[in-house]
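Each residue takes its place number in the sequence, starting with 1. Remember, it's a predicted structure, so these values are computed and weren't measured experimentally.
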Amino acid sequence: MGWTQDRLAKIKEWEKECKWENFVDENLINDIIEKTQNPSKEKVLAVIKKAKSNANTGKMLSLEDTAILLNNTDKELDEEIFKAATYIKKEIYGDRIVLFSPFYIASPCVNDCKYCGFRASNSSLSKKILKFDEIRSEVEALLDSGQKRLIAVYGEHPKSDYEFIAKSVREIYSIKKDKSEIRRVNINAAPMFEDEYKVIKNEGIGTYQVFQETYHRKTYESVHPQNTLKGQYNWRLFSLHRGLNAGLEDVALGVLIGLYDHRFEILAMLSHAYSLEKYFGISAHTMSFPRIKATSNSQKFNPYIISDEEFLKVIAIIRLMCPFTGTILTAREEPEFRDIALKKCGISQTDAGTNIGIGGYSQTKVKNDLTNQQFKIGDNRSIDEYILSIIKDGRLPSFCTSCYREGRTGENFMPLAKNATIKYLCIPNGILTFKEYIRDYASDEVKDIGENVIIPKYLGILKENLPKVAQKVEAMLKDIENGGKDAHI
């Protein structure tokens with residue numbers, strides 16, 4: 001029996017013995033969507049008010065509350081949703097944007113998902129797993145751009161299994177260039193068994209990310225062929241339950257917008273967050289909501305297209321429904337859209353300087369070569385160009401990894417986010433990481449705005465609210481000017 005067949009048999013056995021309760025009640029979700037059609041202005045405003053109060057309590061909205069927002073058709077009330085999303089995000093995290101870069105390490109995959117460029121049947125894709133010297137070259141190129149945070153991405157394949165992932169993470173952390181290093185490696189990879197998660201955890205990974213893609217069973221089955229590893233719906237549905245049970249501290253949810261009705265998907269993802277909270281006392285660290293984009297040799301299926309206008313509202317509603325959860329907007333979207341979303345939707349994290357080609361950062365450097373990457377990206381700006389757009393709007397770019405190294409993860413992180421006190425760590429650490437970027441990598445324009453506008457602005461916020469912390473940050477800033485690095489609180 002081959003690797004795939006053997007693993008599939010074990011997965012099916014696990015599904016028979018699954019101890020967790022199914023949390024996606026399709027009938028319930030559909031009923032809620034139906035009964036909340038055309039909500040009154042009073043109902044929408046009441047939910048918005050509740051969401052804003054939840055910013056300081058750590059509560060999530062109910063399915064019905066969230067459906068009321070999703071079903072709103074009043075454009076003026078949409079603006080109130082955007083205002084609330086901005087308020088909630090600032091109340092919890094401050095006006096900082098955490099930056100990371102995706103790092104695609106392995107594209108071969110045994111699955112055959114219709115929407116994915118990595119699918120096994122895609123003969124147009126040049127499939128490759130990076131060797132360790134190539135990983136080193138990629139990481140050094142990312143360090144040269146100023147990046148400190150990665151999410152490593154792997155196709156599901158015997159040659160990129162949990163042991164390979166663990167070794168590659170160890171390699172990434174070992175790489176130093178000009179006294180700089182990657183300080184946080186998050187993971188986007190296939191679901192695992194608990195003993196496999198434990199091996200990955202031992203390498204000091206950050207957040208483990210598994211997207212359900214679609215929570216709608218019939219749609220899931222139509223785009224994920226049966227008797228493939230990814231074709232096992234329940235195995236994937238409880239992947240992060242297994243991860244937390246194995247000791248992972250931070251996990252991330254996601255749906256692929258366009259596979260099914262986005263209202264159903266958002267309510268199901270909220271149900272997922274509730275289930276994690278129920279069993280483990282902590283919910284999703286982040287949520288992602290990428291839209292389907294073009295791939296090489298695309299297969300035909302009927303996507304649920306969502307307009308830019310509707311998508312912006314969906315992103316904002318996700319902030320309202322789970323106020324303490326980080327929200328990630330990816331470079332799949334065009335620059336103009338991303339800039340608007342940052343202003344209106346309460347986004348807390350984005351990728352920057354993105355190249356998702358295998359070997360793209362150091363070798364080919366070509367962007368949107370669909371023979372070498374999973375899908376088409378929309379935002380090709382460099383990290384410095386992206387930072388410039390952020391600071392021109394008065395926001396604080398951050399490469400912060402302090403929570404992870406100070407043990408503020410999982411159950412130690414959630415209370416800080418739920419009580420809206422985490423911003424008093426996010427802001428000082430954002431200032432410090434931005435200062436280090438300015439010293440070592442920034443263009444003259446970024447340096448000028450950063451030194452004369454952004455850092456004084458956010459240092460002023462600290463002086464007003466936490467003067468002792470501000471004094472400590474000022475001392476650390478002087479240390480960075482004198483060559484210090486990795487200053488954090």
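- Side-chain contact check for Lys128 versus Pro108: every heavy-atom pair is 4.5 Å or farther apart.
- Geometrically, Lys52 engages Tyr87 in a cation-pi contact, judged by NZ or CZ lying under 6.0 Å from the ring centre and within 45° of the ring axis.
- Residues Thr350 and Arg338 form a side-chain contact, since some pair of their non-hydrogen atoms from C-beta on lies under 4.5 Å apart.
- Note on Glu221 versus Lys218: no salt bridge recorded, every NZ/NE/NH1/NH2 to OD/OE distance being 4.0 Å or above.
- Two rings, from Phe413 and His285, have their centers less than 6.0 Å apart.
- Ring centers of Phe375 and Tyr115: at least 6.0 Å apart, outside the cut-off.
- The neighbour count for Lys127 NZ, taken as heavy atoms of other residues, nucleotides or ligands under 6.0 Å away, is above 12.
- With Thr66 as the partner, the side chain to side chain contact (heavy atoms under 4.5 Å, CB included) test is satisfied by one option alone out of Ile32, Leu270, Leu320: Leu270.
- With hydrogens and angles disregarded, no donor-acceptor distance shorter than 3.5 Å links the side chain of Ser275 to the backbone of His272.
- Two residues are said to be in side-chain contact when any heavy atoms from C-beta on lie closer than 4.5 Å; Ile200 and Glu203 fail this criterion.
- Checked by atom type, the side-chain pair Asn30/Arg263 shows no donor-acceptor distance below 3.5 Å.
- For the pair Lys16 and Glu13, the salt-bridge criterion is met [side-chain N within less than 4.0 Å of a carboxylate O].
- Salt-bridge formation is not detected for the pair Asp31/Lys35: no Lys NZ or Arg NE/NH1/NH2 atom is positioned less than 4.0 Å from an Asp or Glu carboxylate oxygen.
- Using modelled atom types, no side-chain atom of Thr207 and backbone atom of Asn186 make a donor-acceptor pair closer than 3.5 Å.
- The cationic group of Arg381 does not satisfy the cation-pi geometry with Tyr386, failing either the under 6.0 Å distance to the six-membered ring centre or the 45° limit from the ring axis.
- Lys423 forms no cation-pi arrangement with Tyr93, by the criterion of a distance under 6.0 Å to the ring centre and an angle within 45° of the ring axis.
- Salt-bridge annotation for Arg242 and Glu15: absent, with no side-chain N of the basic residue lying under 4.0 Å from a carboxylate O of the acidic one.
- The pair Glu333-Arg291 meets the salt-bridge criterion, with a side-chain N (NZ, NE, NH1 or NH2) lying under 4.0 Å from an Asp/Glu carboxylate O.
- Using bins of under 30°, 30° to 60° and over 60° for the plane-to-plane angle, the ring pair Phe264/His216 lands in the perpendicular bin.
- Considering only heavy atoms from C-beta on, Gln147 comes within 4.5 Å of Ser101 through its side chain.
- Between His262 and Phe311, the closest side-chain pair of non-hydrogen atoms is not below 4.5 Å.
- With Leu329 as the partner, the side chain to side chain contact (heavy atoms under 4.5 Å, CB included) test is satisfied by one option alone out of Ile347, Asp351, Asp379: Ile347.
- The existence of a salt bridge linking Asp74 and Lys41 is excluded, since no basic side-chain nitrogen approaches an acidic carboxylate oxygen closer than 4.0 Å.
- We find that Lys75 and Glu309 are joined by a salt bridge, their nearest charged nitrogen and carboxylate oxygen being less than 4.0 Å apart.
- Under the 30°/60° scheme for interplanar angles, the aromatic rings of Trp235 and Phe193 are found to be tilted.
- No side-chain donor-acceptor contact under 3.5 Å links Thr219 to the backbone of Tyr215.
- Using cut-offs of 30° and 60° on the angle between ring planes, the pair Phe238 and His241 is perpendicular.
- Cation-pi geometry between Arg236 and Phe211 is not met at under 6.0 angstrom from the ring centre and within 45 degrees of the axis.
- One N or O on the side chain of Asn202 and one on the backbone of Lys198 form a donor-acceptor pair closer than 3.5 Å.
- Applying the 6.0 Å contact sphere to NZ of Lys376 captures no more than 12 heavy atoms from other residues, nucleotides or ligands.
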